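Only a predicted model underlies this, so the values are computations on that prediction, with no experimental measurement involved.
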Amino acid sequence: MRRARTGEWAPAAAYLRLRLRLLGRLGREIGAVRLALLLPFLLLSVGQALAVATVHPRGRWAVPVVVAWLLLSAHRQRGDYRFLATTAPGFKTWLAWEYALLALPVGAVLLAGRAYGPAGLLLLAPLVAWAPPAGEDRASRRRWRSPFRSEAFEWVSGMRATKGLWLWPVLLGLASWQRASPLAPLAALLGWLLVVLACYGTAEPATMLALAARAPGQFLRRRLGLGLGYAATTAAPFWVLLASGPAGRGGALAVAVAWLALVALFIVAKYAFYPNETHFRSTQGLVLAIALALIGNPLYPVLLLVAAGGLPWQARRRLARELSSTTALARPAAA
């Protein structure tokens, strides 16, 4: 009986060890110095935000909802879902344990703050492991015509996957309805930022890099130009609403610059760790977490510079390597 139970748990233990190895590899690629500078401040800021939310009567109930939503978003975008489904029939239980371990520190903070109800609700968060992965409706895919240029493939596929073009007017309507308070446009901008982030969460095939036929620097500048152009166009109405409220033009301009800077970092982080989606998604999430946790703090610009200072150089180096390898593989085929 003990041997049978051990045999059942062995694949799950091997899976968790593999995830820890991937986490260690991610840490090595990000860099020990950068992690040593950023992680303490990040953990402190997130812990402080959790402590404040735990004390708030309504905020404590929002914590398990936010955690479940983040886990669900990450789960539906998993790149290894199909592989696990075909090789390990009981993989959903493994994922549930993984998500439970990720939610455990949040539950400990809630229990320390005597928020027993939200902590109990957080026990349901690992159930997102049984949610289906994100898929595309083929019928709607044939009928749906994107307003974005085909060259901006991130926006074409990303808006289709996230239903962003349906969400944009909803966010704009909510921000307009509560425009007397600056919190409404800011919350809408955060929601739209998450949609834009999802557009840059998938690595395109290396052949698409070769088809661009540009040097790494030119390719990166083109991706930044298209991405920031569409980001500014779609976010401009939210900035106008923010400028017409108590924040004023100066506050709206500062928010717009910071918002576009984050979008630029998302794009650069994608190619700094291309084509490993786990790595660049984690880096994008780290940048976003730092921005949200430390905004308004005098250390925020310095820490963000430390977090993202080497990303453009790393992105150019990674693109140069990918382009050279793709071109080398294409030459024998052409010959």
With sequence neighbours left out, what residues match Val109 under side chain to side chain contact (heavy atoms under 4.5 Å, CB included)? Leu50, Thr54
Can you list everything that forms a ring-ring contact (aromatic ring centres under 6.0 Å, His included) with Phe280? Sequence neighbours excluded, please. none
side-chain hydrogen bond (donor to acceptor under 3.5 Å, both in side chains) involving Thr202 - partner list, sequence neighbours excluded: none
Using atom types as modelled, flag every donor-acceptor pair under 3.5 Å from a side chain in residues 242-251 to any protein atom, sequence neighbours excluded.
from   : atom 1 : to     : atom 2 : distance (Å)
Ser244 : OG     : Val240 : O      : 3.4
Ser244 : OG     : Leu241 : O      : 2.8

Side chain to side chain contact (heavy atoms under 4.5 Å, CB included) with Ala231: which residues, sequence neighbours excluded? Trp155, Trp259, Leu260, Val263
By side chain to side chain contact (heavy atoms under 4.5 Å, CB included), which residues pair with Ala236, not counting sequence neighbours? Trp239
Taken in chain and number order and not counting sequence neighbours, the residues that satisfy ring-ring contact (aromatic ring centres under 6.0 Å, His included) with Tyr81 are His75, Phe91
Arg221: salt bridge (charged side-chain N to carboxylate O under 4.0 Å, His left out) partners, not counting sequence neighbours: none
For Ala184 and Leu174 the tightest heavy-atom approach is CB-O, 4.4 Å
Do any pairs count as a salt bridge (Lys or Arg N to Asp or Glu O under 4.0 Å) and have a residue in residues 91-111, sequence neighbours left out, and if so which ones? Arg19-Glu98, Arg78-Glu98
Quick one: list whatever passes side-chain hydrogen bond (donor to acceptor under 3.5 Å, both in side chains) with Trp168, sequence neighbours left out. none
The side chain to side chain contact (heavy atoms under 4.5 Å, CB included) partners of Ala68 (sequence neighbours excluded) come to Ala125
Write out all pairs satisfying salt bridge (Lys or Arg N to Asp or Glu O under 4.0 Å) with one or both partners inside residues 194-206, taking only residues at least two apart or from two chains. Glu204-Lys270
